[in-house]
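What follows is a short report on a single structure.
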Amino acid sequence: MDKDAMITYLIGELKKENLELHDLIVPEELEKKQRLLRALFNTRKPMAASTQFLTIQDLYLQVRKGERGIVQLNTLRPIPQDDQIYIWKGDITKLEVDAIVNAANKTLLGCMKPLHDCVDNAIHTYAGVQLRQSCYELILEQGYEEPVGMAKITPAYNLPSAFVIHTVGPKIENQPTQIDEDLLAKCYLSVLALAEKNNIESIAIPCISTGDFNFPKQKAATIAIQTVKDFIKDSTTVKKVIFNVFDDDNLSIYQELLTK
Ligand code: ADP
């Protein structure tokens, strides 16, 4: 089965399981079909999927992984000042590390806005539908939505990393309060504590809350760096932390704070 056939199959199955998609017109062009598939993955409710669906989805996502490229940890260099700390600009879904962190929302179900450009959307898209199902089961078991500042771990399914650690950052309306700052630090701490509990050595963390959740980037970076440094100096498990920036603002801020 080539990529086109896999996409066509997956779109067909997603249409079948949702009556609202019955009249959806599938474009001919491969690029457009691929975008439509991502949008359908994004909006799919948590539910089980057939073994055949999962097999073909996994094959498709493995092909995508090859096309998009994997970034291995041994190709990155730590900062000169600290051999446990890295700054890396790029898409976290390409990183092959023990765990990547997701800046999730309180449902923990992933971003359901089709093709949205947040990290949560990217992680759920390239992990596969199993990730939403896993998160759903965690929330069902917990019995309430995920509070800000906690952390949960799941497998990473089709991502190059082994695990995803999900945390919900504080959402800022105007300026962050002391409580917001403490909650952001708590996110990093909960993530690292859970990583340690799961014997994770290398972990990549995006700039939590600095996108849609509007936390000022400079302050967020200061909190992130302080919390991570304090934690790893006493940790025998977590050995490498990658500050994963995605835009030039955060890249300069982290470089300035960590290497100057
Ligand atoms: P939040 O709602 O916590 O603010 P966002 O995803 O909107 O989460 O943004 C958090 C950070 O993740 C932002 O700095 C954003 O630029 C960055 N980001 C978005 N997509 C990716 C990605 N694919 N890989 C790494 N970081 C990303």
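Everything numeric here is computed off the predicted structure, so don't read it as measured data. In each ligand, atom 1 is the first atom listed, and ligand 1 is the first ligand listed.
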Which residue and heavy atom of the protein sit nearest atom 25 (C) of ligand 1, plus the separation: N244 OD1, 3.0 Å
Salt-bridge contact D91-R68 (side-chain N to carboxylate O under 4.0 Å): yes
Within-cut-off N or O pair, F213 and ligand 1, under 3.5 Å: yes
Nearest-neighbour protein heavy atom for atom 6 (O) of ligand 1, which is reported as residue plus atom name and distance: V119 N, 2.9 Å
Separation between CD1 of I92 and CG of N244, rounded to the nearest 0.5 Å: 4.0 Å
Heavy-atom gap G169 to ligand 1 smaller than 4.0 Å: no
Audit row: E141, Y136, side chain to side chain donor-acceptor pair (under 3.5 Å) steps and yes/no: CA-CA 9 Å; E141 192 186 322; Y136 176 67; over 6 Å; no
Proximity flag G90 to ligand 1, non-hydrogen atoms under 4.0 Å: yes
Nearest-neighbour protein heavy atom for atom 3 (O) of ligand 1, which is reported as residue plus atom name and distance: S209 N, 2.9 Å
Identified side chain to side chain contact (heavy atoms under 4.5 Å, CB included) partner of V129 from the options L54, N158, L14: L54
Best match, N250, D212, D249: closest heavy atom to atom 7 (O) of ligand 1: D212
E201/K240 ion pair, N-O < 4.0 Å: no
E67 with K3: basic N within carboxylate O range, under 4.0 Å: yes
Atom 23 (N) of ligand 1 [closest protein heavy-atom partner, distance rounded to 0.1 Å]: D91 OD1, 3.1 Å
Cluster overlap L251 with F246, hydrophobic side-chain contacts below 4.5 Å: no
Side-chain donor-acceptor pair present, R38, N121, cut-off under 3.5 Å: yes
Backbone or side-chain N or O of N214 under 3.5 Å from ligand 1 N or O: no
Protein heavy atom at shortest distance from atom 24 (N) of ligand 1: I92 N, 3.0 Å
Nearest non-hydrogen protein atom, atom 4 (O) of ligand 1: G211 N, 2.8 Å
Heteroatom proximity flag, A103 to ligand 1, N/O under 3.5 Å: no
Hydrophobic cluster (4.5 angstrom, side-chain heavy atoms) - remaining members for Y144: none
V245 near ligand 1 by a heavy-atom separation under 4.0 Å: no
Proximity winner for atom 10 (C) of ligand 1, if only heavy atoms of P206, P170, C207 are counted: C207
Non-hydrogen atom of T210 closer than 4.0 Å to ligand 1: yes
Those atoms of ligand 1 less than 4.0 Å from some heavy atom in A122: 23 (N)
Pairwise distance NE2(H124) to CE(M112) - rounded to 0.5 angstrom: 10.0 Å
Protein contact of atom 18 (N) of ligand 1 - nearest heavy atom, named by residue and atom, plus distance: F246 CD2, 3.5 Å
